[in-house]
Colleague: 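My questions all concern the structure below.
Sequence positions, counted from 1, serve as the residue numbers for this chain. For the numbers below, each heavy atom of this structure counts, side chains included, while hydrogens, waters and symmetry mates do not. Keep in mind it's a predicted model, so treat the numbers as computed, not measured.
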Amino acid sequence: MSSYNLTSSHPSAFLLMGIPGLEHLHGWISIPFCSAYTLAVLGNCTLLLIIFFDSALHEPMYIFLAMLAGIDLVLSTSTLPKMLAIFWFKDKEINFYACLTQMFFLHSFSIMESAMLLAMAFDRYVAICKPLHYKTVLTGSLIIRIGMAAVIRAVTLMTPLPFLLRRFHYCRDRVIAHCYCEHMAVVRLACGNTRFNNVYGIAVAVVIVVLDLLFVILLYIFILRAVLQLASQEARYKAFGTCVSHIGAILSFYTPVVISSVMHRVARRSEPYVHILFATFYLFFPPMVNPIIYGVKTKQIRERVIGLFLRKE
């Protein structure tokens with residue numbers, strides 16, 4: 001295959017190198033990656049099926065959970081199968097437009113996941129701080145609007161990126177030193193003035209993470225204050241217990257993001273594979289652990305899962 005099309009200035013394909021510096025360990029690294037992807041698919045599909053077929057779970061908390069599970073499925077499927085192809089079959093080539101599509105889905109659904117965690121925090125805030133108004137506030141129409149807002153925000157912010165990257169000339173090497181087509185990794189291969197792409201990409205990431213996380217923290221301050229005002233210790237424990245699963249999901253999503261960001265600034269001289277491993281960990285860890293967290297900590301989900309296995313026996 002020719003590296004460049006005659007009719008365009010971009011390469012017909014890029015080469016994804018996987019994890020540079022650890023090529024000799026790709027086979028071993030693929031084992032936890034494959035296990036994580038398998039758990040993510042099985043866990044999130046199970047959550048979706050249980051919530052869809054059980055009418056008792058057609059409540060705001062579980063509808064938001066189903067949305068989160070769907071987002072996690074797309075997020076993990078957009079990257080991990082190609083990564084495993086690199087590790088197992090040395091299939092490093094990815095079509096230029098397939099690369100832009102992967103980048104779009106990766107970043108869009110990451111933004112959607114952040115929005116959904118914020119929506120779930122709002123759900124817990126209303127349930128604990130305004131329990132008498134729970135059903136009147138979180139109506140079906142509001143849930144639909146929240147879901148549409150999460151999608152529209154992500155698509156609006158990410159749609160410009162593929163078009164901006166398409167207009168660049170790519171006169172440098174077509175090798176991407178990464179496991180997947182991450183925006184900044186592609187920008188580094190472009191020639192010309194990429195300042196706007198750099199600023200735009202960083203600004204979107206910072207604004208989304210900072211604003212969403214700030215609102216989540218603010219909602220939990222209100223929740224904590226309401227819980228501490230409850231009369232009995234048992235009531236406080238029960239109320240805050242409904243938030244444990246969501247707090248776990250928040251930590252599984254935002255902790256790798258914060259660590260990766262800090263690593264980029266504090267450990268700039270560390271090996272490139274350190275940053276790539278952290279960035280990849282951020283992608284497959286939340287989709288893998290979210291179903292486990294909710295399956296273990298949420299009584300209704302746990303009972304349905306146990307019921308499925310008992311009926312099979």
Colleague: Between C181 and I176, what is the shortest heavy-atom contact and its length?
Modeller: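 Closest approach of C181 to I176, heavy atoms only: SG-CD1, 4.2 Å.
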Colleague: Do you know which two heavy atoms are closest between M120 and Y294, and how far apart they sit?
Modeller: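 The pair with the smallest heavy-atom distance is CE-OH, 2.9 Å.
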Colleague: Would a single hydrophobic cluster contain both V126 and L118, if residues Ile, Leu, Val, Met, Phe, Trp and Tyr are joined by side-chain heavy-atom contacts under 4.5 Å?
Modeller: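 L118 and V126: one cluster.
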Colleague: Starting from the C-alpha separation in whole Å, work towards a yes-or-no answer on side chain to side chain contact (heavy atoms under 4.5 Å, CB included) for F96 and R174.
Modeller: CA-CA 10 Å; F96 178 81; R174 63 185 184 122; over 6 Å; no
Colleague: Show the numbers, then the answer: is there a side chain to side chain contact (heavy atoms under 4.5 Å, CB included) between L117 and D212?
Modeller: CA-CA 8 Å; L117 291 173; D212 285 0; over 6 Å; no
Colleague: Between T156 and R153 (side chain of the first, backbone of the second, donor and acceptor by atom type, cut-off under 3.5 Å), is there such a pair?
Modeller: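 Such a contact is absent between T156 side chain and R153 backbone.
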Colleague: Quick check: closest heavy atoms across P291 and L47, and the distance to 0.1 Å?
Modeller: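 Shortest heavy-atom contact: CA-CD1, 3.7 Å.
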Colleague: Go through the side-chain N and O atoms of S114 and Y254 and say whether any donor and acceptor fall under 3.5 Å apart.
Modeller: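 Side chains of S114 and Y254: pair found under 3.5 Å.
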Colleague: Kindly work out whether a path of hydrophobic side-chain contacts (I/L/V/M/F/W/Y, heavy atoms less than 4.5 Å apart) joins I217 to F215.
Modeller: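 Yes, I217 connects to F215 through the hydrophobic network.
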Colleague: Using 4.0 Å as the upper bound for N to carboxylate O, is an ion pair formed by E23 and K92?
Modeller: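 E23 and K92: not salt-bridged.
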Colleague: Counting C-beta onward and ignoring hydrogens, is there a side-chain heavy-atom pair between M67 and I146 closer than 4.5 Å?
Modeller: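 A side-chain contact is absent here, since even the closest heavy-atom pair is not under 4.5 Å.
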Colleague: Considering only heavy atoms from C-beta outward, does the side chain of L75 approach that of F105 to under 4.5 Å?
Modeller: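 The answer is no, as the side chains (C-beta and beyond) never meet within the 4.5 Å cut-off.
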Colleague: Which is it for K130 and V137 under the side chain to side chain contact (heavy atoms under 4.5 Å, CB included) test, yes or no, and what are the steps along the way?
Modeller: CA-CA 9 Å; K130 302 180 183 295; V137 172; 5.7 Å; no
Colleague: Would you say the side-chain atoms of H178 pair up with the backbone N or O of G18, donor to acceptor, closer than 3.5 Å?
Modeller: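 It does not hold such a pair.
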Colleague: Heavy atoms only: give me the nearest A40-N44 pair and the separation to one decimal.
Modeller: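 So the minimum-distance heavy-atom pair works out to O-ND2, 2.7 Å.
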Colleague: Answer with yes or no whether the hydrophobic clustering places L214 together with I208; edges join I, L, V, M, F, W, Y residues whose side-chain heavy atoms lie under 4.5 Å apart.
Modeller: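 Different clusters.
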Colleague: Mind checking the SG-CZ spacing from C129 to R225? Nearest 0.5 Å is all I need.
Modeller: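 So the gap between those two atoms works out to 8.0 Å.
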Colleague: Any side-chain heavy atom of I128 sitting closer than 4.5 Å to one from V227?
Modeller: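 With C-beta onward as the side chain, the pair touches.
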Colleague: Determine yes or no for a side-chain-to-main-chain donor-acceptor pair under 3.5 angstrom, with D54 supplying the side chain and I50 the backbone.
Modeller: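 Flag not set: sc D54 to bb I50 has no pair under 3.5 Å.
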Colleague: Suppose we call two aromatic rings close when their centres sit under 6.0 Å apart. Are H246 and Y220 close by that rule?
Modeller: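 Aromatic pair counts; centres sit under 6.0 Å.
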Colleague: Are Y134 and P60 close enough that some pair of their side-chain heavy atoms sits under 4.5 Å apart?
Modeller: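 In contact.
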Colleague: Relative to the ring of F168, is the ring of Y170 parallel (under 30°), tilted (30 to 60°) or perpendicular (over 60°)?
Modeller: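 Rings of Y170 and F168: perpendicular, as their planes differ by over 60°.
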Colleague: Is I223 linked to L218 within one hydrophobic cluster, defined over Ile, Leu, Val, Met, Phe, Trp and Tyr using a side-chain heavy-atom separation of less than 4.5 Å?
Modeller: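 In one cluster: yes.
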Colleague: Measure the OG1-CZ distance between T255 and F253 for me, rounded to the nearest 0.5 Å.
Modeller: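 The CZ atom of F253 is 11.0 Å from OG1 of T255, to the nearest 0.5 Å.
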Colleague: In Å and rounded to the nearest 0.5 Å, what is the CD1 to CG distance from I63 to L68?
Modeller: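 Answer rounded to 0.5 Å: 14.0 Å.
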Colleague: Is there side-chain contact between F122 and L138, with at least one heavy-atom pair below 4.5 Å?
Modeller: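 The answer is yes; the side chains approach within 4.5 Å.
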Colleague: Aromatic rings F33 and F284: how do their planes relate, parallel, tilted or perpendicular, breaks at 30° and 60°?
Modeller: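 Answer is tilted, since the angle falls between 30° and 60°.
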Colleague: Does any non-hydrogen side-chain atom of Y62 lie less than 4.5 Å from one of I301?
Modeller: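 Answer yes - side chains close enough.
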Colleague: How long is the span from the SG atom in C191 to the NE2 atom in H169, to the nearest 0.5 Å?
Modeller: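 The NE2 atom of H169 is 8.5 Å from SG of C191, to the nearest 0.5 Å.
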Colleague: Rounded to the nearest 0.5 Å, how far apart are OH of Y180 and SG of C99?
Modeller: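 The SG atom of C99 is 12.0 Å from OH of Y180, to the nearest 0.5 Å.
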Colleague: Testing F89, W88, F87 for ring-ring contact (aromatic ring centres under 6.0 Å, His included) with H26, which one passes?
Modeller: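 For H26, the ring-ring contact (aromatic ring centres under 6.0 Å, His included) test succeeds with only one of F89, W88, F87, which is F87.
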Colleague: Does the E93 side chain pair with the main chain of L15, one donor and one acceptor, at a distance under 3.5 Å?
Modeller: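 Side chain of E93 to backbone of L15: no pair is present.
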Colleague: Do I293 and L251 share a hydrophobic cluster, counting only Ile, Leu, Val, Met, Phe, Trp and Tyr and linking them when any side-chain heavy atoms are less than 4.5 Å apart?
Modeller: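 As far as the 4.5 Å side-chain criterion goes, L251 and I293 are connected within one cluster.
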Colleague: Looking just at side-chain N and O atoms, do S12 and N95 make a donor-acceptor pair shorter than 3.5 Å?
Modeller: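 The answer is no; no qualifying pair exists.
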Colleague: Find out whether S141 and R145 are in side-chain contact, i.e. whether some heavy atom of one side chain is under 4.5 Å from a heavy atom of the other.
Modeller: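 Side-chain contact under 4.5 Å: yes.
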Colleague: Regarding T77 and Y37, do their side chains bring together a donor and an acceptor under 3.5 Å, going by distance alone?
Modeller: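 There is such a pair between these side chains.
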Colleague: So with a 6.0 Å cut-off around OH of Y200, is the heavy-atom count from everything else above 12?
Modeller: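 It does: Y200 OH has more than 12 such atoms within range.
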Colleague: Specify the closest pair of heavy atoms between C45 and L73, including all atoms of both residues, with the distance to one decimal.
Modeller: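 Smallest interatomic distance, heavy atoms only, reads SG-CD1, 4.0 Å.
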Colleague: Got L283 and L106 here, is their nearest side-chain heavy-atom distance under 4.5 Å?
Modeller: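 Answer yes - side chains close enough.
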Colleague: Which atoms form the tightest heavy-atom contact between A150 and M116, and what is the distance?
Modeller: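 Closest approach of A150 to M116, heavy atoms only: CB-CE, 4.3 Å.
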Colleague: Could you give the distance from CG (L80) to OG1 (T38), rounded to the nearest 0.5 Å?
Modeller: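 One gets 9.5 Å once the value is rounded to the nearest 0.5 Å.
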Colleague: Decide side chain to side chain contact (heavy atoms under 4.5 Å, CB included) for H107 and E182; before the verdict, give the C-alpha distance in whole Å, the side-chain angles of both, and the deciding distance to 0.1 Å.
Modeller: CA-CA 8 Å; H107 294 302; E182 191 264 339; 4.1 Å; yes
